Every structure is written in structure tokens, then in C-alpha cells.
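Report on one structure; see the data block that follows.
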Amino acid sequence: MTPRNDLLISNAWIVTVDHARRQFRPGFVAVRDGRIVAVGPMAQCPTDGAAEVIDARGRAVLPGLVNVHTHAVYNL
């Protein structure tokens with residue numbers, strides 16, 4: 001039996017950074033023990049419940065933007 005998720009973000013526009021640059025609209029993100037364990041279209045959303053559920057209808061979930069403003073070129 002699969003453990004219950006800690007967090008489920010549902011009904012969002014999910015933007016991934018995988019090789020196919022997949023997007024799910026609407027989609028879901030499931031998190032367990034601080035790690036993303038599933039991402040996909042709402043048709044595949046887990047139905048076993050989660051400790052916390054966020055209905056993100058009308059919102060986007062996208063990867064964190066790390067170091068998007070850099071001055072590395074100035075170090076040359």
C-alpha cells in the first residue's frame with residue numbers, strides 16, 4: 001500500500017522542466033516527505049486523500065527560478 005501524501009496541489013497549470021517540457025492544465029503535484037512523488041493530469045490525480053490539499057484553480061505551479069539574475073559575466 002502506498003503511503004498517504006503530505007500535500008496535494010490540484011487543478012493547477014503545472015509547468016515541468018523535463019526533457020519533453022510537459023505541461024498539465026489542469027494538473028496536480030503530490031508531495032510526500034518533502035519530495036515530489038507524482039505530477040500529472042487531473043485524470044491521474046491520487047484519490048486517497050492527503051494531509052493538506054491546495055486547490056490551485058486559476059494558478060500556475062512552476063519550478064523555482066534559481067539564479068535568474070547573474071553577474072557572472074563581470075568576473076571574466
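Not measured: the values here are computed from a predicted model.
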d(M42 CE, I14 CD1) to nearest 0.5 Å is 9.0 Å
Identify the heavy atoms of R32 and R4 that sit nearest to each other, and give their distance. NE-O, 3.6 Å
Would you call D55 and R57 a salt bridge, using N to O less than 4.0 angstrom? yes
Side chain to side chain contact (heavy atoms under 4.5 Å, CB included) between V39 and F28, intermediate numbers included: CA-CA 6 Å; V39 176; F28 76 93; 5.8 Å; no
Main-chain N/O of D33 paired with D6 side-chain donor or acceptor, under 3.5 Å: yes
Taking side chain to side chain contact (heavy atoms under 4.5 Å, CB included) as the test, write out the residues that go with D18, two or more places apart. T16, A20, R22
Apply side chain to side chain contact (heavy atoms under 4.5 Å, CB included) to I54 and L8, showing your working. CA-CA 6 Å; I54 297 173; L8 180 65; over 6 Å; no
I36 atom CD1, over 12 foreign heavy atoms within 6.0 Å: no
Using the side chain to side chain contact (heavy atoms under 4.5 Å, CB included) rule, take Q23 and W13 through it: C-alpha gap first, then chi angles, then the decisive distance, then the call. CA-CA 7 Å; Q23 296 183 24; W13 174 16; 2.8 Å; yes
Other than V37, which residues form its hydrophobic cluster under the rule that side-chain heavy atoms must be closer than 4.5 Å? none
